[in-house]
Amino acid sequence: MPDRDHLMDERYDPKKIEPAWQAEWDRTNLYLTREDPGRPKFYILEMFPYPSGAGLSVGHLHNYVPCDVVGRYKRMAGFNVLHPMGWDAFGLPAENEAVLKGSHPTETVPRYAANFKRQLIISGCAYDWSREINSSSPEYYKWTQWFFLMLHKRGLAYRATGAQWWCDKCGTVLANEQVINGCCWRHTDNPVSKKDLEQWYIKITDYADRLLADLDGIDWPEPIKLMQRNWIGRSEGAELAFPVAGHTGKAVRFFTTRPDTVFGVSFMVLAPEHPLVAEITTPSERAKVENYVADARRQTEIERMSTAKEKSGVFTGAYAHNVFTDKDIPIWIADYVLMGYGTGAIMAAPGEDQRDFEFATKYGLEIPRVTASADGTAPPADRAYSEPGVAINSGFLNGKKTSEAITAVCQYAEQHGIGRATINYRMRDWLISRQRYWGCPIPIVYCKTDGIVPVPEDQLPVMLPPMKDYLPPGTGRSPLANVPDFVNTTCPKCGGPAERETDTLDGFACSSWYFLRFASPHEDERPFDRRSVDYWLPVDLYVGGAEHAVMHLLYARMWTKVMFDEELIGFDEPFPALRNQGVVWATDGQRMSKSKGNVVTPDAMIEKYGADALRLWELFMSPFDEATNWNETGVSGTLRFIQRVWTMMRRYAGAGCPAGNPTDETLKRTHKTIQLVTDHIERLRFNTAIAAMMDHLNHLAKLKPEEMGRFPAESFILLLAPMAPHVTEEIWRALGHTASVHLEPWPTFDPNLVRDEMVTVVVQVNGKVRDRLEVPAGTSEVDVRALALKSGAVKRHLDGKPPTKFIFVKDKMLSIVV
RNA sequence: GCGAGAGUGGCGGAAUGGCAGACGCGCUGGACUUAGGAUCCAGUGCCGCAAGGCGUGGGGGUUCAAGUCCCCCCUCUCGCACCA
């Protein structure tokens, strides 16, 4: 018990009781996770936050408070709850701030993390802080490096050269999915460009099929699953090759989803960046082609991706041989063909593809028609016919339905060495190198004799060296390249001189396995203790913003599948249940940000209203998963609610906490409220859970202490405890309990008592409500009819006409049709 | 352009096809009070004295009954954006 001479002052004063209980919970280790094999486990986790210097806003709490409620509720409901918190601490903002202000990330990051932690504590969130982790600590990133080496060992990490997305504000490369509308995901107003660089990739495409298929078995919001499906972008078709005329051994390889239209292929198109372009372009066309290529490279991605602009392209002078029609067809280049999808080349079937149709029309190319509609109607002349139908003008395919023709072409292609049926994915491999200082060093050494050599496990971690100056060297390499002591090393294989990799890992690497670390955060022999992971994982409820739909959630799923394949863990989906909290916009409807000056902090709200009132408002203001604008005036409503609870309970405690004689109605309402609140919390419907509590309070507050009685009083406090932990603790102790309310079992209801004895049956005449009858529950249709027909209002609306039909819904409604 | 979600009082929002607007904010009136930005009571979708009528973005439909299901349209938010 806290050292206080009395509990429950006359006035509710959150500033007095909240810090006192927070200190008491800390002193008694109330929220330490206890491994207890006798109880079912429940692992609830919020997405790994990046501790920014701006601190938490009331918007962030819209995620943390609901999760805290679920954790507290599950604990009371008998679960062994793991609810940890840690910091995704590597990243650009800290490094940029360091460059700008000369501060050091190793100083700012812990300071900012400590501030986040303080804010979470004053908000009453019950984390097990003994499990706090920090992805930028060597104890953690040692194992991030270990995972990278495991991926490397399994052939899933490789180096490749090519044009990479580059953000000049980040000063680093970006993966495909980190480019949003042609801009960087962290600098959404900064268009990205392309740079030719050699980089590390993770072969996530090897997992494309499983990442797609396993979405079916997990309980995630459908929109998120859809985004992942679209991102993976599986499409079935064929990869075929047509030889280039006059270039023996050279062929244009291409992917198509409509191999059945090969007889209608009248030209081919390569992406401007396609390697074949330089080889096959004829001297007479060279100048035009080089111009076009240079032009395409100069355009921003936004311009190039615009679907609105007219198609353009140039002829290379070269021809490919369509092996189906036995005709030579011109090879063009055009920027509507993307180097990053398929093979960067297409067969153009202008009769069946609208884009090819537009291109052929513009440049006067032939438009054969090789698909007729199945029902015999004539295909439109002014556009492509892209729906399935029946093959025509197509040699051995004539008369075959589109699906049959596809199979036939694939068989033919395979037999004649032209190609084969295949599956293509939109998703590209994950570019994981970053030319930055403040990240996890890639544990690789380059040796003149031995080439690319992984750092042996017993030499991990490759420590990030202390630096004074983080200015990038301007060579496209990371600032680490400026540290000779770091770069120069010896080859682990031959012992000769070697250089370290100076790039660091994308921050998403750190968040691809952190959920495992929480099971055994202090393990130093392995990334995690298998027994603890088997007990706690997978995460039972994962909660975070929808903005991570494709990046973080795809990477974390992939790493989990690799660990499963490596037999490190026994499950292959990390987050069987995912929920997205709604965004809280600022009062002005914009994103809360320091620069806009519209950030509302929990600190200010707690100062004004107390943490419990703030928490209740966070829960009550809108459905958990729906976006809303911050509106402070509502907090006074939840504060008033707490004050009314306070007044009522103080009166009850003052009367000596009588067991009392609650009326049937009070008992019934109590049981109903327990049922409602339990159900609503289970379904994350916190706003309606609180509405049910308010409704119940409106009844209880009218009663004298002995009319209310102990069971209604105590169960009210227990139901409120996860949502308003401080005030309920104060009241609980004032009711005479010595143990914490948060260790009490969750109240249960009697199903027999939640049923109503009297019900209101609505009487409708021709669909309109004309009367309401109070009858005992279960009253038969015959009796309700008799009562209804006696009703004055009903008689008036029947107007003497005989009823033709009755519809009766027991205990609800009688509908009379005349 | 394609895909997904949403549109209900002055505001946030409730409603397994069965009483639209629970609960709260705000507002109005009243009580208590030296005072009220405290507390308590009453009222609060629109029209109407009333009976009643009208109401869930707009238009159609299914049904005894539609905020909820179906079709068309409008607006907003999010995602993808020539994916062959």
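We name chains A, B, ... by the order of the sequence lines, and we start the count at 1 in each one. This is a predicted model, so every value here is computed, not measured.
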- Keeping to residues at least two apart or across chains, list the salt bridge (charged side-chain N to carboxylate O under 4.0 Å, His left out) pairs with something in residues 638-648 of chain A. none
- Message: Counting only side-chain heavy atoms from C-beta out, which of B:C54, B:C19, B:A81 sits nearest to A:R426?
- Response: B:A81
- Query: Looking at the angle O4'-C1'-N9-C4 for a purine or O4'-C1'-N1-C2 for a pyrimidine, is B:G45 syn or anti, with syn meaning within 90° of 0?
  - Reply: anti
- Item | Spatial distance of atom CD1 (A:I232) from atom CE (A:M227) [nearest 0.5 Å] | 13.0 Å
- C1' atoms of B:A4 and B:A81, separation to the nearest Å: 14 Å
- Rounded to whole angstroms, how far apart are CG on A:L338 and C1' on B:C82? 7 Å
- Message: Run the salt bridge (Lys or Arg N to Asp or Glu O under 4.0 Å) test against A:E177 and tell me which residues pass, sequence neighbours left out.
- Response: none
- Would you say A:R770 reaches B:G52's phosphate, i.e. side-chain N/O to OP1/OP2 under 4.0 Å? no
- Query: For nucleotides 28-48 of chain B, read 5' to 3', which letter fits each nucleotide if B means a protein heavy atom sits under 4.0 Å from the base, S means only the sugar-phosphate is that close, and - means neither?
  - Reply: -----------SS--------
- Quick one: what's the B/S/- string for nucleotides 61-69 of chain B, heavy-atom cutoff under 4.0 Å, read 5' to 3'? ---B-----
- Message: If we count only N and O atoms by modelled type, under 3.5 Å, do the side chains of A:H696 and A:R669 hold a donor and an acceptor together?
- Response: no
- Nearest-0.5 Å distance that lies between atom OG1 in A:T256 and atom CE in A:M347: 3.5 Å
- Does the A:R420 side chain pair with the main chain of A:A238, one donor and one acceptor, at a distance under 3.5 Å? no
- Query: Looking at B:C19, B:G79, B:C82, which one has an atom nearest to any side-chain atom of A:R772?
  - Reply: B:C19
- Item | Residue A:H797, side-chain heavy atoms: nucleotide from B:C23, B:G52, B:C54 that is nearest | B:G52
- Message: A cation-pi test, strictly: NZ or CZ of A:R785 under 6.0 Å from the centre of the six-membered ring of A:F808 and no more than 45 degrees from its axis. Yes or no?
- Response: no
- Integer-rounded Å distance: B:C25 P and A:W630 CH2: 15 Å
- Please name the pair of heavy atoms, one in A:M592 and one in A:W585, separated by the smallest distance, quoted to 0.1 Å. CE-O, 4.1 Å
- What pattern of brackets, bars and dots sums up RNA chain B from 5' to 3', given Watson-Crick or G-U wobble pairs under 3.5 Å, [ ] for crossing pairs and | for another strand? (((((((..(((.....[....)))((((((.......))))))(((....)))..(((((..]....))))))))))))....
- Message: Does anything in residues 342-354 of chain A form a salt bridge (charged side-chain N to carboxylate O under 4.0 Å, His left out)? List the pairs, not counting sequence neighbours.
- Response: A:D353-A:R355
- Query: Who are the salt bridge (Lys or Arg N to Asp or Glu O under 4.0 Å) partners of A:K810, not counting sequence neighbours?
  - Reply: none
- Return the value, rounded to whole Å, for the distance between atom CG of A:L676 and atom C1' of B:A15. 13 Å
- Query: When the C1' atoms of B:G60 and B:G9 are considered, how many whole Å apart are they?
  - Reply: 27 Å
- Query: If you measure from the P atom in B:A65 to the same atom in B:C74, how many Å do you get, rounded?
  - Reply: 29 Å
- Item | Partners passing salt bridge (Lys or Arg N to Asp or Glu O under 4.0 Å) against A:D756 (at least two apart in sequence or in another chain) | A:K672
- Task: Considering only atom P, compute the distance from B:G7 to B:G17 and round it to an integer number of Å.
- Result: 15 Å
- Query: Looking at the side chain of A:I346, which of B:C25, B:A84, B:C23 is the nearest nucleotide?
  - Reply: B:A84
- Query: Residues in side chain to side chain contact (heavy atoms under 4.5 Å, CB included) with A:E632, at least two apart?
  - Reply: A:M605, A:K608, A:Y609, A:W630, A:V635
- Query: What residues, two or more places apart in sequence or in another chain, satisfy salt bridge (Lys or Arg N to Asp or Glu O under 4.0 Å) together with A:E222?
  - Reply: A:K225, A:R229
- Query: Is a donor on one side and an acceptor on the other found under 3.5 Å between the side chain of A:T804 and the backbone of A:V817?
  - Reply: yes
- Message: Checking the side chain of A:N322 only, and the main-chain atoms of A:F263 only, is there a donor and an acceptor separated by less than 3.5 Å?
- Response: no
- Which whole-number value in Å describes the distance from A:I690 CD1 to B:C23 C1'? 10 Å
- Message: Please report the distance separating the P of B:A38 from the corresponding atom of B:G29, rounded so that it comes out in whole Å.
- Response: 16 Å
- Item | Spacing of the C1' atoms in B:U75 and B:U8 (rounded, Å) | 15 Å
- Determine the Euclidean distance between corresponding P atoms of B:A22 and B:G10; express it in Å to zero decimal places. 14 Å
- Gap in Å between the two C1' atoms, one belonging to B:G58 and one to B:G24, rounded: 31 Å
- Query: Going 5' to 3' along nucleotides 2-13 of chain B, which nucleotides have protein heavy atoms under 4.0 Å from the base (write B), which only from the sugar-phosphate (write S), and which from neither (write -)?
  - Reply: -SS-------BS
- Task: Provide the full list of salt bridge (charged side-chain N to carboxylate O under 4.0 Å, His left out) pairs with a residue in residues 329-339 of chain A, sequence neighbours left out, each pair given once.
- Result: A:K309-A:D335
- Task: Ignoring backbone atoms, establish whether A:T638 has a side-chain N or O less than 4.0 Å from OP1 or OP2 of B:G24.
- Result: no
- Testing B:A84, B:G52, B:C82 for proximity to the side chain of A:R796, the answer is B:G52
- Check every atom of B:C23, B:C19, B:G18 against the side chain of A:D695 and return the nucleotide holding the closest atom. B:C23
- Message: Which is more 5' along RNA chain B, the nucleotide nearest A:T257 or the one nearest A:R685? Just name the residue.
- Response: A:R685
- Task: Could you state the atom-to-atom distance from CZ of A:R428 to P of B:C83 in whole Å?
- Result: 15 Å
